[in-house]
Amino acid sequence: MATATIRIDPARVIDKVDPRIYSGFTEHMGRCIYGGIYDPGNQNAELINEKTGLRKDVMDALKALKIPVVRYPGGNFVSTYRWQDGVGPRESRPRRPELAWLTEESNQFGTDEFIEFCRELGTEPFICLNMGTGTLEDALAWVEYCNSSANTYYANLRRKNGHEEPYGVKYWALGTNLALIQVDVAKSIAGNEVWGPWQVGQMESQDYAKKAFQWAKALRLLDPTIKLIACGETGFSDWDRVVLKKLAPVVDFHSIHLYTVSEGKHLVNVVGPAAAEKGIEITKSLIDLAKIECGLSKELTVCFDEWNVWDPVRAPGEKGAEEHYDLSDALAVASWLNVFVRKADIVKIACIAQSVNVISPIITSPTGLFLQTTYFPLQLFSNLMCGSSLNVHVGGSPTYSGETVPKFIHDLDVHAPESAKGTKLIDISAVLSEDGKEVRVAIVNRSDEEEFAVPILFGPETQVKDEVTVHEVWHEDLRAKNGFDGQNVKTVVRTEAWKGIYVLKKHSFQILVFTLA
Ligand code: AHR
């Protein structure tokens, strides 16, 4: 059996893991909202909350993910969205053409329903503003509707619609972006909702930055407590540099997006998140540069507000992007989450795209739901990988050396760095729990061929108890999926005697929980 060595020293803290890295995203796209979280017309009355129209089974599945923040209403959708259509009596809300996914929007679910969903879920709302067809006046009106306690038109409209108290929506994004990457290894075809050619309201970076700067100023006059998120790209783009330089003084977060694409190749799939890690590192430096150039000492961090495994050829957006994930995808998602934990010093929000049905860990039918393979790493991370992120080292792991395959989505000729070359097949992150009593180690063995006997060393000053709890997501078939007919891949928990070495099965994910002695 192959060997590799993991080294973790609980004294070497990177930063606190921000729980907001386990956030979600619900877009008016496919069956995410209608038939996903909201389904008042469903004949199976026991599934639906009679008062709110929300799906009870979906809410339970989401609650178990402990989602701190949910982004809404897009995504590409927001760039032609009139939020005013989605409030007030439902029978008089207009149906509109929807230009992102070429459907129709009924507007039966809007701002008030979204806030109700967030309250029931126990999560903070995060609203993305329309910088496509929308005006600053619309944006100000939306903030006033949600957050104002004044005796003014939109605040009063909220009251008239039955909501006396302001909603206190803290997070507002200045437009939205998109980036897709095929990491085979690394030609990224990256786009972005403000700069992408598929985008209603596409802009040049300078034009976006100037406009967003003016919007930020005005929005803060109306509500100085809000947190603003700028629309970045992937991190490895000049768009990010230009936008950061202009917007650093007026925003709180710089947003980047990435989807990893593998065309069914397992190793390409699981090393994909290395590109995100590179994008985060570059963004961190661009933030430093912008702060130096603007003479700022404020907090400015990364909001990775769309990420996931998504192949838009096998699951096109126009058809609802319903990916059916297998174990390989679950391992890729675990590797994505390892990146966010390792980058705890700079990534403070990350939103999996999306939360229900659309490239999602949860799939519904009118009569029930099933949890995809990717649900389980997400649930384990949000419940266990909290506290302080620890510096980690893996010695002796084989590395990825696959080929780079060109081309891809939207035929844009934008290159990502070849970040995945040299990526270790044993991928880990670790935390010291909030109470300081446990060290939890998330390990993906990305190899589909080798198992490893891995000594885990904690440094000379640290002793752990002689038992370890293992939360494992594994199946002998790398292509195993879950479905309405059965849950093949799920978390299995067991306690084992700890003798210093752990055996990693091939293509496995596990979180090991050690108690400090
Ligand atoms: O999450 C699906 C889509 O991905 C979003 O609408 C967009 O921002 C990106 O294209």
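Counting convention: from 1, in listed order, for ligands and their atoms alike.
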Would one find an N or O of Trp101, backbone or side chain, under 3.5 Å from an N or O of ligand 1?
no
Considering both backbone and side-chain atoms of Glu306, is one of its nitrogen or oxygen atoms within less than 3.5 Å of a nitrogen or oxygen in ligand 1?
yes
Ring centres under 6.0 Å, that's the criterion: do Tyr154 and Trp83 meet it?
yes
Measure centre to centre between the rings of His324 and Phe370, then say whether the value is under 6.0 Å.
yes
Would you mind listing which atoms of ligand 1 come within a distance below 4.0 Å of any non-hydrogen atom of Met29?
2 (C)
Output the list of atoms in ligand 1 that are nearer than 4.0 Å to some heavy atom of Phe25, sorted by atom number.
1 (O)
For Trp336, the option from Asn308, Thr374, Thr260 that meets side-chain hydrogen bond (donor to acceptor under 3.5 Å, both in side chains)
Thr260
Ring geometry between Phe77 and Tyr81 (parallel below 30°, tilted from 30 to 60°, perpendicular above 60°)
tilted
Could a heavy atom of Trp307 be found less than 4.0 Å from some atom of ligand 1?
no
Regarding Glu105 and His28, do their side chains bring together a donor and an acceptor under 3.5 Å, going by distance alone?
yes
Look at atom 2 (C) of ligand 1 and find which of Arg71, Gln354, His28 reaches it with the closest heavy atom.
Gln354
Measure from NZ or CZ of Lys227 to the centre of the six-membered ring of Tyr171 and say whether it is under 6.0 Å with the direction within 45° of the ring axis.
no
Per-residue contact class, Phe77 against ligand 1 - non-hydrogen pairs under 4.0 Å
neither
